[in-house]
2 protein chains.
Amino acid sequence: MVKRTSHQSADCLIARPLDAIGDWWSLLIVRDAFDGLRRFGEFQKSLGVAKNILSARLRNLVTHGILETVPAPNGGAHHEYVLTQKGRGLFYVLVALRQWGETYFSGPGEPYTFMVDTESGRPIKRLEVHAEDGRLLAPGDTRLADFRNQENR
Amino acid sequence: MVKRTSHQSADCLIARPLDAIGDWWSLLIVRDAFDGLRRFGEFQKSLGVAKNILSARLRNLVTHGILETVPAPNGGAHHEYVLTQKGRGLFYVLVALRQWGETYFSGPGEPYTFMVDTESGRPIKRLEVHAEDGRLLAPGDTRLADFRNQENR
DNA sequence: TCATTTTGGTTGCAACATAAAACTGTTCTG
DNA sequence: CAGAACAGTTTTATGTTGCAACCAAAATGA
C-alpha cells in the first residue's frame, strides 16, 4: 500500500484536522459555505473546480461532519450543503488565514477585499492570543502540555 | 495543461495562501519549526515523511519566504531552516487549527496535549474575533469589503 | 589517518490523485 | 412536453506521492 499518508490517527491535534481539510480545495469550499453558497453548482461556478473533484471534496467534508446535506428548501428532490457547528468552528481558521494573506500576499497597490464588521463597516481587529488572565501572548510564550499533567482546566 | 491548479493568482486572500501551505505537510513542517526544529533530519524524523517529499516541501516553503536557510551554527557547511517573520505569522493559523482540533478531533477520554501559557502553565484563551471597538463578533457579523469602497482604514 | 556512519539530499519506479471532458439521469422552465 | 440546467459519475491522460535505492559530503571513531 503506497496510498497517500493519512494523519487521521496522528497524536498531534494539528495533524488530524489536516486530514479533513488539508487539501487545496476544502477550505475554499468552507469559505464559500460561509458566504452562503449551498448548492453543488454554486460551488462549482465559484471555484472553477472539476466536478468530480468537487464531488469528492463535498463527500469528504460531509463524512467529516463539516458539512451536512439538507433537503432542498423548495421541496425539490435535490439537497443542499450547509455548515454544521463543527464546520462553523473553522471560522477562526479562515480569519487567521485571511489576515495572514492580507499581510503577506496582497500585491503592492493591489485593490483587495478585507474583512469588516458588518455593523460598522470597519475592519475587524487582528487576532490575538491571550492567556487565561488576559495577558497578550507571543508565539514563544506558549507550549504544549499533556492533559494528565494538569490538575485543572 | 492538466497540472494541479494553482491559486496563486486568485483574487481571494484565503486562496492565495493555500498555494503556499495548502498541502498535507507544509503546516506540519511549520508547526515543527515553531517547536524549534531546524534540520532536515529532525523534520524527517518528526514527520515520518519521505525525504523527497520533505525536500520539495522545504524548498517550496523557502521560495514562499516562510522558511529561510541559515548556515549551520557550528560553522559546518550544512544549513538549517528557520521561520521568517512571514512564517511566524502563521502562528495564529496554527492556534486556530489546534483549537478546532482540540474541540472536534480529540477522541473521548483520550489524553491529549493542548496549548498552555508557559508562564502560568494554564490553557490559553480561545481565539475571538473582535470589532475595532471591541465588540465580540460571530461568523455572521462580518463580511468582505473592497478597499476602495472604504474611505478609512 | 582512514574506514564507518550520519546527514542531506536526488533519482527511479509503481501506485495513487487530479483535471478535463464526455456521459447519464434527474429536475426545472417556458 | 421539449429543451435547458443541475448534479453528479465515468473515462482517460497526466501529475503527484511514497518507498526504496543510491550518492556525495560531513562528522565520528578506532
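To find a chain, count down the sequence lines: A is the first, B the second, and so on, and within it residues start at 1.
- For the pair A/Arg39 and D/dA7, the criterion of a side-chain N or O lying under 4.0 Å from OP1 or OP2 is met.
- Closest to the side chain of A/Lys51, from the set C/dA22, C/dG9, C/dA19, is C/dA22.
- As rounded to whole Å, 10 Å separates atom P of C/dT26 from atom NE2 of A/His78.
- Look at B/Trp25 and you'll find a side-chain N or O under 4.0 angstrom from OP1 or OP2 of D/dG18.
- DNA chain C lies under 4.0 Å from no heavy atom of any residue of residues 26-36 of chain B.
- When the side-chain nitrogen and oxygen atoms of A/His79 are compared with OP1 and OP2 of D/dG8, one or more of them lie within a distance under 4.0 Å.
- For C/dT18, one of the phosphate oxygens OP1 or OP2 lies less than 4.0 angstrom from a side-chain nitrogen or oxygen of A/Arg57.
- Counting non-hydrogen atoms of other residues, nucleotides and ligands closer than 6.0 Å to CD of A/Glu128 gives a total above 12.
- When rounded to the nearest whole Å, the span between CG of A/Asn52 and P of C/dA17 equals 13 Å.
- The CZ atom of B/Arg38 sits 16 Å away from the C1' atom of C/dT7 (whole-angstrom rounding).
- Distance A/Gln44 CD to D/dA5 P: 14 Å, rounded to the nearest Å.
- A side chain to side chain donor-acceptor pair (under 3.5 Å) with A/Ser55 is found for exactly one of A/Arg59, A/Arg57, A/Lys51, namely A/Arg59.
- In this structure, the side chain of A/Asp19 does not engage the main chain of A/Ser6 through any donor-acceptor pair within 3.5 Å.
- Which of D/dG18, C/dG9, D/dT9 sits closest to the side chain of B/Ile53 comes down to D/dG18.
- The interatomic distance linking A/Glu42 (CD) with D/dC6 (C1') rounds to 11 Å, in whole Å.
- Per the geometry, CH2 belonging to B/Trp24 stands 13 Å off C1' belonging to C/dT18, to the nearest Å.
- Put simply, the side chain of B/Arg88 never gets that close to the backbone of A/Pro139: no donor and acceptor are under 3.5 Å apart.
- Chaining together hydrophobic side chains whose heavy atoms lie under 4.5 Å apart leaves A/Leu136 on its own.
- For the pair B/Glu80 CD and C/dG8 P, the computed distance is 8 Å after rounding to whole Å.
- Separating the CZ atom of A/Phe40 from the P atom of D/dA7 is a distance of 8 Å, rounded to the nearest angstrom.
- Applying the 4.0 Å criterion to OP1 and OP2 of D/dG18, one finds that A/Thr5 has a side-chain N or O inside that range.
- In terms of position on DNA chain C, the residue among A/Ala50 and B/Leu58 whose nearest nucleotide sits closer to the 5' end is B/Leu58.
- Partners of A/Phe40 by ring-ring contact (aromatic ring centres under 6.0 Å, His included), not counting sequence neighbours: none found.
- Under a hydrophobic-cluster definition in which Ile, Leu, Val, Met, Phe, Trp and Tyr are linked whenever side-chain heavy atoms come within less than 4.5 Å, directly or via other members, A/Leu37 and B/Leu144 are assigned to the same cluster.
- For A/Glu42 and A/Arg38, the salt-bridge test fails: no basic side-chain N is under 4.0 Å from an acidic carboxylate O.
- For C/dT10, one of the phosphate oxygens OP1 or OP2 lies less than 4.0 angstrom from a side-chain nitrogen or oxygen of B/Arg59.
- Residue contacts shown for B/Phe43 are absent, as no nucleic acid heavy atom lies under 4.0 Å away.
- Between A/Ser55 and D/dT9 there is a side-chain N or O to OP1 or OP2 distance below 4.0 Å.
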